[in-house]
Trainee: 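First, the structure itself, so that you have it in front of you.
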Amino acid sequence: MAQKLALLYEGKAKKIYRTADPGLYLVEFKDDATAFDGAKKGTIRDKGVLNNLISEKFFRLLEEHGVPTHFVEKVNEREMLVRPLDIIKVEVVVRNIVAGSLAKRLGMPEGTPLSRPVLEYYYKSDELGDPMINDFHIQSLELATPDQMETIREIAFKVNNVLLDYLAERDIDLVDFKLEFGVCRDQIMLGDEISPDTCRLWDRKTGERMDKDRFRRDLGHVEEAYAEVYRRLAGD
Ligand code: TMP
Ligand code: ASP
């Protein structure tokens, strides 16, 4: 078992530790939740445990479909081992249904289906509140090469196709989600986590929100929603 060494980084929802193996980092999922650039703070009981389980499920599913991810293995309730990545400072959002900031920006009602998936890029900077950028900014600021961006686009749409089908079979609509990427030995890989913190998941039958919007919008039953997502994923 990889030994947990120095804390490398502490974010809003996770801590990253070095291990005795330079080829492995340890991710610890916390119960802390923030929204609106940290302006709203709280804890969601057992969120860390559930996001570790849900991310493991999604990363394994994606690996089975040929998507390279940083995931190596889950080691205990709140921790997983990952490959260290050189993080690309571009957050990639994929949208299938209008919600959240897109609804606001375009004045469209939440729940409007998009005729084809929409890809958006945000500059990964907490100080700036992750402003939206496009391919030109990415090339001009040299955040990633054109080849890297082509790979990222391909992976993002592949992830969307795989997760859309998998979740639909479990009566969940994948409304939108955010991905982060990094480079490990010249290969682009999916990093970070895939969980109800980073996706919008709506119950197909009731339209009930099963994701972090319950926390952001004070809808209540946050813990139950995360647990229900895991229950449906674990159902097979
Ligand atoms: P948005 O509608 O607020 O732009 O969010 C789009 C998706 O990205 C949604 O599934 C939630 C996710 N997201 C994050 O994972 N982290 C963030 O900081 C934000 C703002 C959104
Ligand atoms: N995680 C982000 C924050 O802390 C935003 C969000 O997920 O809504 O502000």
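Ligands are counted one by one from 1 in listed order, and the atoms in each one are counted from 1 as well. Only this structure's heavy atoms are used, side chains among them; waters, hydrogens and symmetry mates stay out. Predicted model, so just to flag it, every value in this text is computed and none were measured.
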Trainee: Considering the heavy atoms of D197, write down every atom of ligand 1 situated less than 4.0 Å from one of them.
Mentor: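 It comes down to these atoms of ligand 1: 15 (O).
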Trainee: Right, does atom 6 (C) of ligand 1 have protein non-hydrogen atoms nearer than 4.0 Å?
Mentor: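 Yes, at least one protein heavy atom sits under 4.0 Å from atom 6 (C) of ligand 1.
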Trainee: Return yes when R95 approaches ligand 1 closer than 4.0 angstrom through a heavy atom, no otherwise.
Mentor: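 The answer is yes: ligand 1 sits under 4.0 Å from a heavy atom of R95.
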Trainee: In plain terms, say whether K14 and E180 are close enough for a salt bridge, that is, a side-chain N and a carboxylate O under 4.0 Å apart.
Mentor: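 Result for this pair is no, no salt bridge flagged.
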Trainee: So, are R204 and D173 salt-bridged, with charged N and O less than 4.0 Å apart?
Mentor: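 Yes.
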Trainee: Identify, by atom number and element, the atoms of ligand 1 in contact range of F177, meaning under 4.0 Å from any of its heavy atoms.
Mentor: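 The list of qualifying atoms is 10 (O).
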Trainee: If we count only N and O atoms by modelled type, under 3.5 Å, do the side chains of T19 and Q3 hold a donor and an acceptor together?
Mentor: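 Checked: T19/Q3 side chains show no N/O donor-acceptor pair below 3.5 Å.
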Trainee: May I ask you to check if ligand 1 and D130 share an N or O to N or O distance below 3.5 Å?
Mentor: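 No, D130 has no N/O under 3.5 Å of an N/O on ligand 1.
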Trainee: What about K212: any of its N or O atoms under 3.5 Å from an N or O on ligand 2?
Mentor: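 Yes, at least one N or O pair falls under 3.5 Å.
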Trainee: Would you check the N or O atoms of E91, main chain and side chain alike, for any that come under 3.5 Å of an N or O of ligand 1?
Mentor: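 Among all N and O atoms of E91, none is under 3.5 Å from an N or O of ligand 1.
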Trainee: Thinking salt bridges, do K47 and E223 make one under a 4.0 Å N-O criterion?
Mentor: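 Looking at E223 together with K47, the answer is no, because their closest N to O distance does not fall below 4.0 Å.
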Trainee: Could you tell me whether atom 17 (C) of ligand 1 has at least one protein heavy atom nearer than 4.0 Å?
Mentor: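 Looking at atom 17 (C) of ligand 1, one finds that no protein heavy atom lies closer than 4.0 Å.
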Trainee: Could you check which of E193, R216, R200 puts a non-hydrogen atom nearest to atom 3 (O) of ligand 1?
Mentor: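 Nearest option to atom 3 (O) of ligand 1, by heavy atoms: R200.
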Trainee: What are the atoms of ligand 2, with element, lying closer than 4.0 Å to any heavy atom of G38?
Mentor: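 Ligand 2 atoms under the 4.0 Å threshold to G38: 3 (C), 4 (O), 9 (O).
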Trainee: Taking K124 first and then D130, would you say they form a salt bridge - that is, a charged N and a carboxylate O separated by under 4.0 Å?
Mentor: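 No, no charged N to carboxylate O under 4.0 Å.
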Trainee: So, N96 and D176: side-chain donor and acceptor under 3.5 Å apart, yes or no?
Mentor: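 The answer is no; no qualifying pair exists.
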Trainee: Is it true that Y121 and E91 share a donor-acceptor pair across their side chains at a distance under 3.5 Å?
Mentor: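 Not at all, the side chains of E91 and Y121 share no donor-acceptor pair under 3.5 Å.
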Trainee: Any atoms of ligand 1 less than 4.0 Å from a non-hydrogen atom of G100? List them with their elements.
Mentor: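 Within the 4.0 Å cut-off of G100, ligand 1 contributes 2 (O).
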Trainee: Would you mind running through ligand 2 and noting each atom that sits below 4.0 Å from a heavy atom of D37?
Mentor: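 This gives 3 (C), 9 (O) as the contact atoms.
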Trainee: Got a salt bridge between R232 and E228, using NZ or NE/NH1/NH2 to carboxylate O under 4.0 Å?
Mentor: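 Judged by the 4.0 Å cut-off on N to carboxylate O distance, R232 and E228 do form a salt bridge.
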Trainee: Taking only heavy atoms of R216 into account, list the atoms of ligand 2 that are under 4.0 Å away from them.
Mentor: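 Listed by number with element, the hits are 6 (C), 7 (O), 8 (O).
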